[in-house]
**Student:** 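Quick one: structure below, then a few questions.
This structure is a prediction, so every number in the text was calculated from the model and none was measured. Residue numbers start from 1 in every chain, and the chains themselves are labelled A, B, ... in the order their sequence lines are given, proteins ahead of strands.
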Number of protein chains: 4
Amino acid sequence: MLTLTEEILTKTIRVRPNDSYKGTFGRVVLVGGNANYGGAIIMASTAAVYAGAGLVTTGTDTNNLSSLHASLPEAMFVNYYDKVKLSHLVSYATTVVIGPGLGDDFHSQEVLASVLANINQSQSVIIDGSAISLLAANPLDIPDTNLIFTPHEMEWQRLSGIKISDQTSDANQLVQQQLNATVVLKKHHTEIYTGKNIYQLPIGTPAQATGGMGDTLAGMIGGFTAQFDNQENAVLAAVYAHSAIADELARSQYVVLPHQISHALPMFMKRYAN
Amino acid sequence: MLTLTEEILTKTIRVRPNDSYKGTFGRVVLVGGNANYGGAIIMASTAAVYAGAGLVTTGTDTNNLSSLHASLPEAMFVNYYDKVKLSHLVSYATTVVIGPGLGDDFHSQEVLASVLANINQSQSVIIDGSAISLLAANPLDIPDTNLIFTPHEMEWQRLSGIKISDQTSDANQLVQQQLNATVVLKKHHTEIYTGKNIYQLPIGTPAQATGGMGDTLAGMIGGFTAQFDNQENAVLAAVYAHSAIADELARSQYVVLPHQISHALPMFMKRYAN
Amino acid sequence: MLTLTEEILTKTIRVRPNDSYKGTFGRVVLVGGNANYGGAIIMASTAAVYAGAGLVTTGTDTNNLSSLHASLPEAMFVNYYDKVKLSHLVSYATTVVIGPGLGDDFHSQEVLASVLANINQSQSVIIDGSAISLLAANPLDIPDTNLIFTPHEMEWQRLSGIKISDQTSDANQLVQQQLNATVVLKKHHTEIYTGKNIYQLPIGTPAQATGGMGDTLAGMIGGFTAQFDNQENAVLAAVYAHSAIADELARSQYVVLPHQISHALPMFMKRYAN
Amino acid sequence: MLTLTEEILTKTIRVRPNDSYKGTFGRVVLVGGNANYGGAIIMASTAAVYAGAGLVTTGTDTNNLSSLHASLPEAMFVNYYDKVKLSHLVSYATTVVIGPGLGDDFHSQEVLASVLANINQSQSVIIDGSAISLLAANPLDIPDTNLIFTPHEMEWQRLSGIKISDQTSDANQLVQQQLNATVVLKKHHTEIYTGKNIYQLPIGTPAQATGGMGDTLAGMIGGFTAQFDNQENAVLAAVYAHSAIADELARSQYVVLPHQISHALPMFMKRYAN
């Protein structure tokens, strides 16, 4: 198992070319946030915007429209039950994030199916939160794409069938390779299973142990994969940056709020751009 | 009567264990905020989130969904008239806060009854604001639990039957013991009646005398009891921290806004964690 | 004509008594904000809260509920078409502010009539913005109270019948005495006509010349009259503080936003409290 | 082609006259923001307010009312389908901005037609975003006015018929003169075609390449043309200020968020006022 270091940031975060425009930095579509968990998709979308994604659209319940725009006017909105618009947006996206606050009822299932039916080979697709549990319960055919799962240990148990106590790196890697996906296994010292390697995150703080942290990470991975060419490095850098910012904030804070990590992204990323 | 000191903070606020996750720091469900008093439950929920509670759900009127998520995406939402969902959330909570902005009509009464019917022995339940007045007017059977009342003097008069002018510590303690509950009697130099002792708060400022301060305190008690093992100390530390932060802000402010106290919590708590 | 000086601040802003509670600092009810001008009543309410009023309730169109609580959870809400609740709140208020963003259709007229029918002798009532124009067009019997009008020059022309070019201090005072009210005539070097004197404001900046400044002033007068005993001084101090803060901000800003004045109030007032 | 310099700021941004009021600084009406793109018109309106426009009204979908007022109480609201109110506001405006987030369906077309039918000679009209594409697809008679188009290269291709690869300054100027309008062609080193000259913007940063930047620029042009007499200089100064602020923020940020540019405007403009 390889240990992730700060070097992944300098390897990944590139100085932007002068002659670029918003399209250069990708289209991210984030789907989630039912009538109860709207904050989750707002936090994920905030992370994608502050990470520098070119264009961000949030597919969510109409109940979340006002709160989304009140705090994040930079994101566009689509009703996630509007299959025509959602399908179109998903098919033209650079990166799709599905899951934060999606919920687990049959409506959630329907939205998930509708998103997965429209993805394609040229994209990265981050599957997070309840989307993982839904897939574990009702496997769906997923078109060939760059797939990234971001489960915590219990979600990984549901998806992989490996009990938390049996989640060794060998056992995890076996299922990860069957899934033909990158797996970000969120835990104390998060592990990232890519096609080639297993990485371990040596940093992070218990001040991050609060609701919404995972949503923020999913949005960051969305923003990084949309902008940076090397998709494996983009995932690794997002995971590292998420905890590195938390560590910095935790020097003076007992708890770190998820939105604070997003708001710190533009200055943090600047320090590593080269 | 014992005098509370800063020591309660160092005794209570623990450095977080490295191997922790959001579940470690408790599930807080806060219920209140009718169509007129939505700000109260938003302020209480904000306090719980910024105090470091692991997972926070706000049970309130649907009218308050947008404003809740616009300022606090970290909180989850439940319609407090949805008895099935609310009962389920309450029964799995570590701490329940009921009352901020709940109102006093028969809908409020119904929500209160539905919450109290689902609490259990392993929880702490903070009863605040109009929930106290409702209980005084219409006593309900409360299941055995760690009960904490946070009345101001007039609410205590309604609940205890003791007129404000007769609220001596002896008289108060007698009723508090019959109630078998902790009582935080909010006044100039707030008094806390626990099972064993009576504590007096020697700090605080008239800059705190503004609407929403009590809601913020209730949310802080929710956040502290959800995280810290010793429930008596958790209540005492929350009461102390609330006024200590206000004192600090009041050095440069004529009035202290409730949300400012919540936003100051992460840095304040860090200074005392050990 | 007397010139207002900084002294009015030290004469008015008192150190708060230690043994005080939110009721000590008054109940302010602000009424306005139709479906088009909701921001006006939010800005006025924000000013009242940050000025230190004990309890603030905003009577406005239900369309403004979410935005009010999203930015100002400290304010309570009432639907201004709910005559039963509004009348009750108005009759128990210390200070009533009517007009910011109220509009000028028959609904506005109805709300105005319903507010004025419920005021009483012990209150201060600030009549601002479109409420002034409505009264000019359709005079209503106003119960005996401490009445404060806050017109700009055109609104004063409508109310007093004096053309802007003829608004001399003598002419203004004559009508002001017939109205038996305080008149805050907003203009370059605002003039305040009280029962006894005429004051002129020697400070202020064209950086204040932006929509919402008057709403903020009305809310500040609401907050000051609710807290401070001498009602004449409270009006004068609010007018002075409003422009003094703007002058300070305008040293580094080309334009001063209304909400910035409100947010600066707690620190500004602290400097003058004695 | 002339190179724009910082001098355009000192030439344009005037110290405000002492005896001014909000009407002195113009009425800006901004129209856009359908149910999906509400954030765009909020960002444009924010720019107009923070640039110092006297009175700002936002014509948008009712779905955007709450989020508009939650973050920008200084703006007034009008339902853009309310033709009576919208026409009235447009005809009395100093400057009209149409397009940010307007969308491209037949509702958008109807709103655009209704706005253009009510403009007049004394105004400046900024046509941005989807309004440009709509006009390219369905040309409308535009009354004689000071017209300003703000296309990016693809929108300019649609409007002018010149392919991006053929967009030389000569070709662009020819069409611009036929249009009898100012054209702000947004690209790396934006070009501004006025009646007399062609200017090139020598500053700017790829940190600006993010959704909402164009909306913010449109709102700034709205705010500048409403306040400053020389309409050509107002456009040039707004374009320059937009990128100059971005350059300053980009010294410490990897990406610059559109709303950050607006919030920086009051202090930035102060430095150049003379």
**Student:** Would you please classify the geometry between the D:H259 ring and the D:H263 ring as parallel, tilted or perpendicular, with 30° and 60° separating the classes?
**Tutor:**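 Rings of D:H263 and D:H259: perpendicular, as their planes differ by over 60°.
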
**Student:** Can you confirm whether A:E7 is buried at CD, in the sense that more than 12 heavy atoms of other residues, nucleotides or ligands lie under 6.0 Å from that atom?
**Tutor:**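 Incorrect, the count does not exceed 12.
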
**Student:** Sort out for me which of A:L68, A:N18, A:T57 touches chain D most, counting heavy-atom pairs under 4.5 Å.
**Tutor:**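 The candidate making the most pairs under 4.5 Å is A:N18.
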
**Student:** Side-chain donor-acceptor pair under 3.5 Å between D:Q208 and D:S243, yes or no?
**Tutor:**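 Result is yes, a qualifying pair exists.
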
**Student:** Should the pair A:H69 and A:F77 be assigned to parallel (<30°), tilted (30 to 60°) or perpendicular (>60°) ring geometry?
**Tutor:**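 The arrangement is perpendicular - the two ring planes meet at more than 60°.
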
**Student:** Heavy-atom distances under 4.5 Å only: say whether D:A209 touches chain A with side chain, backbone, both or neither.
**Tutor:**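 Contact with chain A involves both backbone and side-chain atoms of D:A209.
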
**Student:** Identify the two heavy atoms, one from D:V29 and one from D:A93, that lie closest to each other, and give their separation to 0.1 Å.
**Tutor:**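 In this case the closest contact between D:V29 and D:A93 is CG2-CB, 3.7 Å.
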
**Student:** Specify which of D:G204, D:A207, D:S71 makes the most heavy-atom pairs with chain A at under 4.5 Å.
**Tutor:**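 Ranked by contacts with chain A, first place is D:A207.
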
**Student:** Against chain A, work out which of D:T210, D:V255, D:N63, D:N36 has the most heavy-atom pairs shorter than 4.5 Å and name it.
**Tutor:**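 Most pairs with chain A among the choices: D:N36.
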
**Student:** Out of D:A40, D:A70, D:P258, D:G212, which one racks up the most heavy-atom pairs below 4.5 Å with chain A?
**Tutor:**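 Heavy-atom pair counts peak at D:P258.
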
**Student:** Chain D: which of A:K22, A:R271, A:R16 shares the most heavy-atom pairs with it under 4.5 Å?
**Tutor:**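 Among A:K22, A:R271, A:R16, the one with the most close pairs to chain D is A:R16.
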
**Student:** Less than 4.5 Å to any heavy atom of chain A: does that hold for the side chain of D:D215, its backbone, both, or neither?
**Tutor:**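 For D:D215, there is no contact with chain A at all, as no heavy atom is under 4.5 Å.
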
**Student:** Quick check on D:L257 against chain A: is it the side chain, the backbone, both or neither that has a heavy atom closer than 4.5 Å?
**Tutor:**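 For D:L257, heavy atoms of backbone and side chain both lie under 4.5 Å from chain A.
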
**Student:** Identify which part of A:Y50 has an atom lying under 4.5 Å from any heavy atom of chain D, answering side chain, backbone, both or neither.
**Tutor:**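 Both parts, backbone and side chain.
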
**Student:** Does NZ or CZ of A:R14 come closer than 6.0 Å to the centre of the six-membered ring of A:F228, within 45° of the ring's axis?
**Tutor:**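 Checked: cation-pi criterion not met.
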
**Student:** Without hydrogens or angle criteria, can the side chains of A:S87 and A:N118 be said to hold a donor-acceptor pair below 3.5 Å?
**Tutor:**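 Yes.
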
**Student:** In terms of heavy-atom pairs under 4.5 Å, which option from A:T58, A:L55, A:V15, A:D19 contacts chain D the most?
**Tutor:**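 Between A:T58, A:L55, A:V15, A:D19, the count favours A:D19.
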
